[in-house]
> 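The structure that follows is given in the form of structure tokens.
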Amino acid sequence: MYKYDAIDRALVDERVEEFRDQVSRRLSGELSEDQFKPLRLMNGVYLQLHAYMLRVAIPYGVLSAKQLRALADIARRYDRGYGHFTTRQNIQFNWPSLIDIPEILERLADVEMHAIQTSGNCIRNTTMDPFAGAAADEVEDPRPWCELIRQWSTLHPEFTYLPRKFKIAVTGAPSDRAAIRAHDIGLRVVRNDEGETGFEVFAGGGLGRTPRIGVKLTDFVDGRDLLAYLTSILRVYNLAGRRDNLYKARIKILVESMGADAFRDEVEATFAQLRGGVHLTPREEIDRIRSFFPPPLAPANDVAEGSAPSRPGFNRWLLRNVAAHKVNGLASAIISLKPIGGSPGDATADQMDAVAALAEKYAGGEIRVTKEQNLVLPHVPRGYLPKLYDALFDIGLATPNAGEATDIVSCPGLDYCNLANARSIPVAQAISHRLSADGLSDQAGDLTIKISGCINACGHHHIADIGLLGVDKRGEEHYQLTLGGSGTEDAAIGQIVGPGLSGENVPEAVARVVAAYLELRISASEKFSQTLRRTGSEPFKEAVYAH
Amino acid sequence: MMVITANRLNDGRVVYRAESGAWTRALEEAQRFADEVAACSALKSAEADAGAAVGPYLIETDEGAPSGKKIVRETIRLSGPSAGTTKLSVQDANHV
Ligand code: SF4
């Protein structure tokens with residue numbers, strides 16, 4: 001993992017002291033809320049329904065065991081004993097007091113973490129394939145590139161006041177596990193004929209009010225020119241993006257209004273000017289950053305063969321929650337934070353501590369956070385999997401449902417969020433119960449359900465097989481159902497099925513859609529999106545409203 | 001009836017404005033307004049008193065409980081998240 005240098009440390013420490021002073025001036029009345037609000041938001045502090053919420057950046061979703069322990073400690077000491085992992089691979093604490101936040105930030109700084117750029121119209125935390133450095137299909141580990149982007153984008157003076165927030169996603173593999181085309185910029189690591197590392201670049205994707213799939217800008221940008229190319233995109237956006245209308249301020253609107261070709265021409269023209277010079281990342285610098293991310297080693301012989309698990313359900317977990325690794329003898333284990341009927345993405349302080357200990361014991365001390373709101377231990381010797389499973393089982397983290405219909409992604413919704421129209425978590429809980437009760441989730445296999453409590457789409461509902469959007473219909477919670485979205489290589493925005501449903505009708509409607517899929521699919525290997533494309537939406541629409 | 005609510009400055013907790021002008025955690029201690037003009041004028045003084053609570057606004061109540069179009073939101077603000085607990089039993093959680 002990357003280690004802070006003196007510059008990183010000074011920057012984060014200074015920010016803690018600055019915010020401590022701002023909080024104390026707010027509490028003394030010297031600063032009004034209008035003056036303080038932009039300052040707190042620059043430090044990830046929101047005011048939600050019940051309390052302040054602190055959003056902490058987890059750089060490209062990578063955590064050390066020590067960092068996870070620090071998060072557990074914060075959850076226990078300053079919150080209500082849990083934290084919420086988000087679709088942006090960050091963590092949110094729902095209950096901190098404002099007076100405690102400077103101290104929390106100090107504790108975070110001690111473990112090289114912060115909440116800078118987790119809000120505001122700036123470049124946010126980079127989304128990354130959670131199997132980076134481990135995935136069997138990977139071209140190259142994208143972590144060093146994400147770190148390069150982190151350093152470049154942190155407090156970047158030119159891009160601190162963009163027209164709107166800005167999100168970059170990176171995948172190192174042909175399979176897209178970072179939803180690169182649903183981000184403002186999406187990067188896929190590729191190699192050219194000479195074997196040099198570069199990036200296929202997409203821009204103009206995004207969810208929210210006007211969901212769009214990103215368009216390709218180029219097939220190849222040399223890795224050394226990555227920052228010049230990113231700067232070019234951001235500069236065009238920063239100058240031409242709309243600042244007069246909040247709803248039209250994202251880059252997706254600019255790309256659409258200019259047209260992809262014209263936007264690309266502008267970017268290329270800027271790139272031609274910027275390329276080289278200070279924007280060039282020398283090979284030595286790339287190698288220096290790479291040195292923080294050594295490739296995982298094959299396990300020693302004595303852990304090649306493991307003991308038998310003593311808790312029930314191991315084989316099913318192996319099937320659902322263990323992913324192939326590029327190194328023989330290793331595997332990546334997905335720790336589902338979606339117990340049936342639980343709150344998606346929540347982990348208690350005790351669970352976080354336990355996962356940290358397991359990561360150290362069995363997986364080289366590294367943990368990843370996924371945009372599906374789960375955790376991953378990327379490098380586990382296969383021989384340790386039974387022991388790991390037993391230990392996860394004992395702390396309630398062995399739900400064997402990764403990627404299944406009960407692995408529901410859900411934003412906090414109206415239970416916590418000030419912007420929400422409707423609740424998300426209880427709907428997720430009810431669907432989870434319903435789909436597990438008669439085995440629908442097991443039978444369906446890979447199937448994504450995602451729920452957002454408002455049009456801001458933090459629950460990524462547009463890119464789910466089955467998406468649910470909470471709307472306020474004259475004071476009542478209703479849910480709009482979309483089908484056929486995808487955040488992977490075949491990225492697509494889900495289509496609205498028809499009139500919204502009241503909350504209590506949602507679980508049955510979703511169950512009928514899943515049952516219809518099981519009936520309509522040609523074989524177990526035909527994915528939901530394939531069935532939907534083949535049959536059209538009509539049979540699914542009938543299923544939704546068949547009551 | 002209308003009531004003034006806000007979030008407490010130091011910890012963000014939900015508070016209601018009592019007749020004395022103090023902020024209270026208990027909705028039943030809040031001052032109730034039948035008259036919109038009186039409610040708006042009290043809201044103005046609540047806004048002026050920004051030292052203790054953030055973002056005051058009016059909510060509708062009926063027999064001491066939130067009502068009207070924002071009933072779900074205000075009930076959740078009053079009673080806490082409606083979502084199930086994260087502390088399921090291990091057996092429930094693993095679902096095997
Ligand atoms: S989608 Fe809406 S309700 Fe959900 S967390 Fe985002 S802003 Fe809040």
Side-chain angles (χ1 to χ4, degrees), chain A residues 26-29 32-34 36-37 47-53 81-82 84 94-100 311-313 316-317 339-343 346-348 351 392-401 406 412-416 420 422-426 428-429 436 472 474-477, chain B residues 4-16 21 23-27 43-44 46-62 65-96:
Chain A
R26 173 67 183 118
L27 291 171
S28 72
S32 69
E33 185 59 18
D34 285 349
F36 180 64
K37 188 175 172 185
L47 182 52
Q48 298 285 48
L49 293 188
H50 312 285
Y52 290 96
M53 180 270 277
Y82 67 100
H84 175 75
N94 288 312
W95 303 95
S97 292
L98 182 60
I99 42 178
D100 288 333
R311 308 294 187 269
R316 177 144 185 81
W317 181 80
I340 303 305
S343 295
D346 279 8
T348 65
Q351 286 174 329
L392 289 172
F393 187 96
D394 290 346
I395 52 170
L397 289 179
T399 314
N401 64 349
T406 53
L414 191 53
D415 281 300
Y416 295 94
R423 284 173 288 171
S424 306
I425 299 170
Q429 292 171 325
S436 75
D472 178 349
R474 289 185 292 279
E476 276 179 32
E477 297 167 289
Chain B
I4 298 171
T5 185
N7 289 79
R8 197 157 59 191
L9 173 64
N10 65 356
D11 61 4
R13 297 299 189 263
V14 175
V15 285
Y16 303 95
W23 293 96
T24 168
R25 292 277 287 139
L27 177 57
L43 180 59
K44 281 228 162 60
E47 281 165 352
D49 165 34
V54 183
Y57 62 97
L58 290 167
I59 59 167
E60 290 176 57
T61 62
D62 190 15
S67 67
K69 279 196 175 160
K70 296 288 173 196
I71 183 170
V72 182
R73 181 182 201 271
E74 291 307 325
T75 304
I76 290 170
R77 284 183 77 243
L78 176 69
S79 321
S82 67
T85 171
T86 53
K87 298 179 192 71
L88 296 173
S89 78
V90 166
Q91 200 58 36
D92 282 350
N94 288 324
H95 188 66
V96 289

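Convention: sequence-line order gives letters A, B, ...; per-chain numbering from 1. None of the values given here were measured: they were computed from a predicted structure.
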> Could you look at N10(B) and say if it's the side chain, the backbone, both or neither that has a heavy atom under 4.5 Å from chain A?
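It is both, since atoms from each part get that close.
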> Checking P96(A) against chain B: side chain, backbone, both or neither under 4.5 Å from a heavy atom?
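Looking at P96(A), just its backbone touches chain B.
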> Side chain, backbone, both or neither: which part of W95(A) has an atom under 4.5 Å from a heavy atom of chain B?
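For W95(A), the contact with chain B is made by backbone and side chain together.
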> Who among V72(B), V14(B), I71(B) has the most heavy-atom pairs with chain A under 4.5 Å?
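Heavy-atom pairs under 4.5 Å are most numerous for V72(B).
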> Check each atom of L47(A) against the heavy atoms of chain B and say whether the ones under 4.5 Å are side chain, backbone, both or neither.
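For L47(A), the side chain is the part near chain B, not the backbone.
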> So, do Q48(A) and N7(B) sit near enough that their side-chain heavy atoms are less than 4.5 Å apart?
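The answer is no, as the side chains (C-beta and beyond) never meet within the 4.5 Å cut-off.
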> Can you tell which part of R26(A) gets under 4.5 Å to a heavy atom of chain B, answering side chain, backbone, both or neither?
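Contact with chain B: backbone and side chain both.
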> Can you sort out the partners of D472(A) under salt bridge (charged side-chain N to carboxylate O under 4.0 Å, His left out), two or more places apart, ordered by chain and number?
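With neighbours one apart ignored, the set is K70(B).
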> Please walk me through it: do D415(A) and I76(B) pass side-chain contact (heavy atoms from CB on, under 4.5 Å)?
CA-CA 6 Å; D415(A) 281 300; I76(B) 290 170; 3.9 Å; yes
> Check each atom of Y52(A) against the heavy atoms of chain B and say whether the ones under 4.5 Å are side chain, backbone, both or neither.
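It is both, since atoms from each part get that close.
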> Minimum heavy-atom separation for S82(B) to R423(A), with atom names?
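The answer is OG-NH1, 2.9 Å.
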